[in-house]
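Chain naming here is simple, since letters A, B, ... match the order of the sequence lines and numbering starts at 1 in each. Any value given below was found using the heavy atoms of this structure, including those in side chains, with hydrogens, waters and symmetry copies removed.
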Number of protein chains: 2
Amino acid sequence: MFSIGTMSDRTGVKVPTIRYYEDMGLLALAERTAGNQRRYDQAALDRLTFIRHARDLGFSIEAISELIALGEHPDQPCAGASRIARDQLADVRARLARLQRLEVELTRIVAGCSGDGTLDQCHVMAALADHDHCVTEH
Amino acid sequence: MFSIGTMSDRTGVKVPTIRYYEDMGLLALAERTAGNQRRYDQAALDRLTFIRHARDLGFSIEAISELIALGEHPDQPCAGASRIARDQLADVRARLARLQRLEVELTRIVAGCSGDGTLDQCHVMAALADHDHCVTEH
DNA sequence: CCTAATGTCTCTAGCTGCTAGAGGTTCAAG
DNA sequence: CTTGAACCTCTAGCAGCTAGAGACATTAGG
């Protein structure tokens with residue numbers, strides 16, 4: 001049986017975050033010692049590892065919650081899990097596309113300023129004031 | 001003079017968000033009518049347009065606040081504004097790099113699942129459970 | 001000029017995913 | 001048995017809004 005601190009050390013998830021995941025229903029209520037401290041088993045550690053990895057991949061708490069619920073029924077078709085992962089990928093790609101547009105604009109804006117003029121001639125301020133200076137919608 | 005609704009229509013910034021920006025000190029306190037409603041002038045509209053554009057480019061409220069403060073002294077060198085923009089670009093590039101790694105992993109994970117097996121054979125669940133399935137740190 | 005509809009006001013609370021702190025209790029090593 | 005680290009619960013805070021309640025202001029039409 002592991003204390004919450006051990007769980008934290010093994011997964012890299014901070015102690016208050018573990019408690020938060022419990023509140024959110026991602027982790028089952030842990031057993032308690034006579035003194036009311038949480039004690040976890042291997043299954044709980046595995047689940048926390050799963051959660052950590054899914055969070056690192058950008059899945060929301062809600063999506064992870066659904067994945068865990070699906071995981072309770074391993075005999076079911078995996079279409080649901082597959083859909084959640086594809087949704088997440090679509091989300092990542094959308095954010096990626098947006099950031100790429102921002103990168104283009106910001107690079108242009110920054111390149112236009114050497115940093116040694118005065119502000120009223122500054123390309124940075126002018127570019128921010130007027131979207132027409134941009135080459136893309138963003 | 002423009003009402004807050006007109007400001008909203010012209011900039012695409014929602015009415016409560018305009019009030020929020022005022023609270024945050026990005027917009028000066030507006031004049032008020034006898035009935036206590038905000039009335040804005042062209043300078044306020046220009047500033048809100050600036051804020052909107054900077055937000056669209058991902059600048060934080062705090063960064064925008066600094067840019068506005070710098071903008072009050074157009075005779076000063078523009079090194080400060082330039083630095084803020086370069087910081088923002090660096091931030092965007094860091095997030096971009098992270099999302100690109102996620103995209104690689106998620107694409108791999110999703111590709112490994114046709115969606116018509118059962119969950120216990122599902123690549124999605126296995127990949128999420130174990131980081132060793134990943135090709136990158138992410 | 002009056003009325004009805006729409007716009008605006010302030011205030012509070014909620015969203016995501018944590019993080020920090022206060023004030024108190026329990027555990028484990030020596 | 002003592003002591004120091006780890007743990008407990010609870011509340012509040014972060015960004016950047018968004019939503020809703022309940023009340024007042026403005027404006028267009030008749």
Peer 1: Would you kindly give the CE-to-C1' distance between A:Met1 and C:dA28, to the nearest whole Å?
Peer 2: 17 Å

Peer 1: For the hydrophobic clusters of this structure (ILVMFWY residues joined by side-chain heavy atoms under 4.5 Å, transitively), does one cluster hold both A:Ile68 and A:Tyr21?
Peer 2: yes

Peer 1: Which atom pair, heavy atoms only, marks the closest approach of B:His53 to A:Leu128?
Peer 2: ND1-O, 2.9 Å

Peer 1: Can you list, by residue number, the residues of residues 14-38 of chain A that have a non-hydrogen atom closer than 4.0 angstrom to DNA chain D?
Peer 2: A:Arg19, A:Arg32, A:Asn36, A:Gln37, A:Arg38

Peer 1: Would you indicate, yes or no, if C:dT8 has its OP1 or OP2 atom less than 4.0 angstrom from a side-chain nitrogen or oxygen of B:Ser3?
Peer 2: yes

Peer 1: Using the side-chain contact (heavy atoms from CB on, under 4.5 Å) definition, which of the options A:Val13, A:Ile18, A:Leu48 pairs with A:Ser8?
Peer 2: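 For A:Ser8, the side-chain contact (heavy atoms from CB on, under 4.5 Å) test succeeds with only one of A:Val13, A:Ile18, A:Leu48, which is A:Ile18.
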
Peer 1: Is there a side-chain contact between A:Arg10 and A:Thr6 (heavy atoms, below 4.5 Å)?
Peer 2: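 In contact.
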
Peer 1: Is it the case that one hydrophobic cluster holds both A:Phe59 and B:Val104, taking links as side-chain heavy atoms less than 4.5 Å apart, direct or via other members?
Peer 2: no

Peer 1: Would you please test A:Arg98 and A:Glu105 for salt bridge (Lys or Arg N to Asp or Glu O under 4.0 Å) and show each step?
Peer 2: CA-CA 11 Å; A:Arg98 169 137 203 278; A:Glu105 293 305 339; over 6 Å; no

Peer 1: Counting only heavy atoms and a strict 4.0 angstrom limit, can you tell me which residues of residues 52-72 of chain A come near DNA chain D?
Peer 2: none

Peer 1: If two hydrophobic side chains count as joined below 4.5 Å and joins carry through other members, does B:Met1 share a cluster with B:Leu45?
Peer 2: no

Peer 1: Check for me, please, whether A:Phe50 and A:Phe2 land in the same ILVMFWY cluster - side-chain distances under 4.5 Å, paths through other members count.
Peer 2: yes

Peer 1: Nucleotide range of DNA chain D contacted by chain A, 5' to 3', under 4.0 Å to a heavy atom?
Peer 2: D:dC7 to D:dT9

Peer 1: Can you check whether A:Asp56 reaches A:Arg52 side chain to side chain, under 4.5 Å on heavy atoms?
Peer 2: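 The answer is yes, as the side chains (C-beta and beyond) meet within the 4.5 Å cut-off.
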
Peer 1: Using a 4.5 Å cut-off on heavy atoms from C-beta on, say whether the side chain of B:Arg39 contacts that of B:Arg32.
Peer 2: no

